[in-house]
Amino acid sequence: MTPSKTPPEVLDIGGIEVRISSPDKVVFPGPGLTKLDLVRYYLAVADGALRGAGGRPMVLKRFPKGIDAEPFFQKRVPENHPAFIDTTTLHYASGTSAEEAVIRDAAGLAWVINLGCLDLNPHPVRAEDLEHPDELRVDLDPMPGVDWPQIVDAAYVTQEVLDNVGLVGWPKTSGSRGLHILVRIAPEWSYRDVRLAAETLAREVENRAPGLATARWWKEERGESVFVDFNQNAKDRTVASAYSVRPLPDARVSTPLTWEEMRTARPGQFTVPTVLQRYADIGDPHDGIDGAAGRLDALLSLAERLGPAEKAPRSGNGSGRRQSLMPLIEVARTRTKPEALAALDEWKSRHADVVPSLRPADVLVDGMRGSSSLWYRVRVNLQHVPEAGRPPQEELIADYDPWAGRQWPGRPGS
């Protein structure tokens, strides 16, 4: 966000005063949206946004330097948070814990946005029961080369499977290229069980639509398909919830849809201005989601029938690491995405003869979660390059270490 000396503005939101600093700071230069515009947007869609994020612990994804810079992830609620912000302490699988923010009203939404957050990233649990998720999350993540109709086809197959196991799916755009399908469930199962149910759902979708959708966890094995990302149900994962504004130049919004409008809808048509009008016209298509909680018994029974998912072989070098079945080479590790793309361009210029053989899904630029921010890994899958012409693994063009200088119990050398 660009520097600004505009004096703060104090909003009265349901009888609670919320201070908005630098209200005229431009956050989205293209559509000309300021920080105050974003606050007013969230207030206008507050009922829908709180239906997705309210009452849940939340990771704060902050953009202090604007949408063109990498955000940082803040698990711990700021020490000086106001009294109207609840908190709860989450214990992570890593053994760490964090006291996280829990927002329950429109004033809480305004406070979060004032911190420099754009999208809302709640956990799939309620603050009152942190060990039993009440939401199973299906993330339909398209590989490069996959267009919208294929994603929609995968969504309808997912809907069919959900219907067969007695669950109701509520679709929304991710705010980027993909789709999310939210499934409310009774809070009676552990994270492990919910993740297993989500993985089983993904495997069954792949079984019914091979080539269209995939449950393969390793990216280089997916091809040009829609990945049904079951690992979004792991204990430490969050996803952008309904009505979240995403950090794209057009101020795109993760927007709840009806199943009937899926074919004609396109992610790019849902932006802050258009969603404001849409919400005023039709309200929230997900307003019945909390009354549609189902059970996981049928999916867990299907998991038993399918048996364990296939696992990749382990490396024989004693490291215990997975061994890829694909001819992968690593190009770079970088702090930012522009640096990653620049490294990829340099590799392509060095190996221009193999570039025509690469397909879109063969180029893997992955955002990797670090301790408090993303870093980027660039790999190339040479599966479509004749073996005799495949470049060898070379020294990385960039070798950023996101853990440099950080220590934790159990880290080698600590």
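Thr96 and Lys75 share no donor-acceptor pair across their side chains, judged by distance under 3.5 Å alone. No side-chain N or O of Asn233 forms a donor-acceptor pair with one of Asn231 less than 3.5 Å apart. Side-chain contact, Lys172 with Thr255: no donor N or O sits under 3.5 Å from an acceptor N or O. For the 3.5 Å distance criterion, the side chains of Asp281 and Gln277 qualify, holding a donor opposite an acceptor. In this model, no donor atom of one side chain and acceptor atom of the other lie less than 3.5 Å apart for Asp47 and Tyr279. A donor-acceptor contact under 3.5 angstrom links the side chains of Asp229 and Gln232, judged on distance only. Between the side chains of Thr89 and Glu99, no donor-acceptor pair is found at a separation under 3.5 Å.
A heavy-atom distance below 4.5 Å is not found between the side chains of Val378 and Glu330. Taking the side chain as every heavy atom from C-beta outward, Thr214 and Val226 never approach each other to under 4.5 Å. Counting heavy atoms from C-beta outward, Thr271 and Val253 have side chains that stay 4.5 Å or more apart. Annotation: side chain of His384 is not in contact with side chain of Leu358 (no heavy-atom distance under 4.5 Å). A heavy-atom distance below 4.5 Å is not found between the side chains of Arg104 and Leu50. The shortest distance between side-chain heavy atoms of Leu179 and Trp148 falls below 4.5 Å.
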**Asked** Stepwise, does the salt bridge (charged side-chain N to carboxylate O under 4.0 Å, His left out) test hold for Asp366 with Arg333?
**Response** CA-CA 10 Å; Asp366 301 319; Arg333 301 176 185 182; over 6 Å; no
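By the 30° and 60° cut-offs, the orientation of the rings of Trp217 relative to Phe230 is tilted. Below 30°, between 30° and 60°, or above 60°: for His81 and Trp111 the angle between ring planes is above 60°, a perpendicular geometry.
Salt bridge annotation for Glu17-Arg19: absent, with no cationic side-chain nitrogen under 4.0 angstrom from a carboxylate oxygen. A salt bridge links Arg208 and Glu204; the closest N-O separation between the charged side-chain nitrogens and carboxylate oxygens is under 4.0 Å. Classification of Asp134 and Arg56 as a salt-bridged pair holds, one side-chain N sitting under 4.0 Å from a carboxylate O. Ion pair Lys235/Glu131 flagged as a salt bridge, since at least one NZ, NE, NH1 or NH2 atom sits closer than 4.0 Å to an Asp/Glu carboxylate oxygen.
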